[in-house]
Protein chains: 2
Amino acid sequence: MARSKADFTSLQEFQESGDRVYLSHLSVDCVIFGFHENSLKVLLLKWKNGPWCLPGGFVKHKESIDQSAIRTLKERTGLAEIFLKQFYAFGDPDREKGKRHEGTWIGKRFVTIGYYALVDYSQVFPEPDLLSSECKWWDVDNVPELIYDHNQIMSKALEALRLSLNDHPVGYNLLPEKFTMPQLQKLYETILNEALDRRNFQKQMISLDVLIRLKERKTGGAHKAPFLYRFDKRKYDKAMKQGLRLSF
Amino acid sequence: MARSKADFTSLQEFQESGDRVYLSHLSVDCVIFGFHENSLKVLLLKWKNGPWCLPGGFVKHKESIDQSAIRTLKERTGLAEIFLKQFYAFGDPDREKGKRHEGTWIGKRFVTIGYYALVDYSQVFPEPDLLSSECKWWDVDNVPELIYDHNQIMSKALEALRLSLNDHPVGYNLLPEKFTMPQLQKLYETILNEALDRRNFQKQMISLDVLIRLKERKTGGAHKAPFLYRFDKRKYDKAMKQGLRLSF
DNA sequence: TATTATTGTGTATATCGTACACAATAAATC
DNA sequence: GATTTATTGTGTACGATATACACAATAATA
């Protein structure tokens, strides 16, 4: 996990007294999804002279675990108010294979709570933290080998996102405000990793009753200009809360 | 959360040096579901001279969180090899409203990982631990007020169980080996809290292709004797792994 | 002006979910 | 032993939903 150093002035201080600020043995890791050029991306961090990892952080003594994920996200993407969902806790004692920082605060055993976030790619300006040399987007089906069990965490996040499509709409957080039906379809196809019928997809989406079709069309591309849509936020939020399949 | 004292000889020793054996700030809580006399039950623990709570435990230094839930379950029910599923982590800093043991190890802030378990009611012999005076089954829609946020944890467990019915079979862990279709239906109705059509229910269950109808019928009750069924374990396990609705 | 690739729309069919009715029967009652 | 009662076993008709598929319209390009 990557860590926030805002509360310390040096790595050494952090390693010597992490307990002062954070709960020991506990971290959060964030799988941040974005959508760009018809593919699903995750935001990864690279340690200086080290491997890639998920952006993560630690939990302050008087902070909720949700809050600590929100803080991590804010620090890495600059965004507040983004969609965030806790999906699983990872707690094998040997999950940190090839551990570094042996004998230090960060070298202890950690149980980590996994969150995934959905963000508007175009609004994000990735920032590495003080211990990282890079922070950038990777294609979900082309991520490098990550430290510890972070590849597994990412897979589980993607699986959770896929499952959520069964009962919840997606897109509000991943697409720009105005978007076309083909864009929305590509998003679904990318997350599900399968092709969908264009006409049936449109019917389904419209039946969800969360879209508003605008008068405008998207111009500039070749071929027939597609209509632009936006989400009806109120209906979208309602669908997120209630779920879409109330069926048994 | 209730705690295991097996690793200590006194409460005082435990309070003074819990860190020696367990990860600090971290616990697991188990919502143990059983099914008896046509209603869904949860196993609760009562502190000596205190309120009721979910059975829980702490995580040893070299133990996975799953293992620590398994251990807790074994201690409380006597059962090993039971169905167990992690469903959510609860980490608000003030979740332990009305905290006791202020200033002691157990009085610290805890983030807890919630698990739910499905067990065969008739196989369980509830055992209180050394700090509890009682351990008994309660009807899910009639549980008393529990400590901390344990009522919320229980609700979330029930919700998770309900959602799981959408894509996974249930019953193998909650029913005796041989059972009737009406029994299975009651189980579903209890979990979903709604009445289901008898004929359609049977068709659905049979279409899941995890049941084997036996030649025997259940005798003894009044009225027409229903057939007995059992699960085809191989198919059941496959359905548990793959899920039942692969549809998008 | 013609071409090209893409979008907008509708229909026929199969599948699934839902509503519903009647015959069979094990125990209980008389 | 015949009758009553509540429950189980089974099948069918209907409507809703999912799926497969075809053709006209059009924005940019050639």
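Note that this is a predicted model, so its numbers are computed, not measured. Below, chains carry the letters A, B, ... as their sequence lines are ordered, and counting in each starts from 1.
- C:dT18 atom C1' lies 8 Å from atom NZ of B:Lys203, rounded to whole Å.
- Judged by the 6.0 Å distance and 45° axis criteria, A:Lys85 is not positioned over the aromatic ring of A:Tyr116.
- If you take CZ of B:Phe201 and P of C:dC16, they are 19 Å apart, rounded to a whole angstrom.
- Checked against C:dA27, D:dC21, D:dT19, the side chain of B:Thr219 finds its nearest nucleotide in C:dA27.
- The pair A:Glu127-A:Arg76 does not meet the salt-bridge criterion, since no charged nitrogen lies less than 4.0 angstrom from a carboxylate oxygen.
- Using bins of under 30°, 30° to 60° and over 60° for the plane-to-plane angle, the ring pair B:Phe201/B:Tyr188 lands in the perpendicular bin.
- Rounded to whole Å, the distance from NE2 on B:His223 to P on D:dT7 is 5 Å.
- For the pair B:Arg199 and A:Lys224, nearest-nucleotide mapping onto DNA chain D gives the more 5' position to B:Arg199.
- Separating the CZ atom of A:Arg217 from the P atom of D:dT26 is a distance of 8 Å, rounded to the nearest angstrom.
- Note: CZ (B:Arg198) to C1' (D:dA6) measures 11 Å, nearest angstrom.
- Between B:Arg213 and D:dT10 there is a side-chain N or O to OP1 or OP2 distance below 4.0 Å.
- For B:Gln202 and D:dG11, the CD to C1' distance is 12 Å, given to the nearest whole Å.
- Under a cutoff of 6.0 Å and an axis angle of 45°, A:Lys233 and A:Tyr172 form a cation-pi pair.
- D:dT26 atom C1' lies 17 Å from atom NZ of A:Lys218, rounded to whole Å.
- The side chain of A:Pro226 lies closest to C:dG8, out of C:dG8, C:dT18, D:dG9.
- Atom CG in A:Asn166 sits roughly 17 Å away from atom P in D:dT17 (whole-Å rounding).
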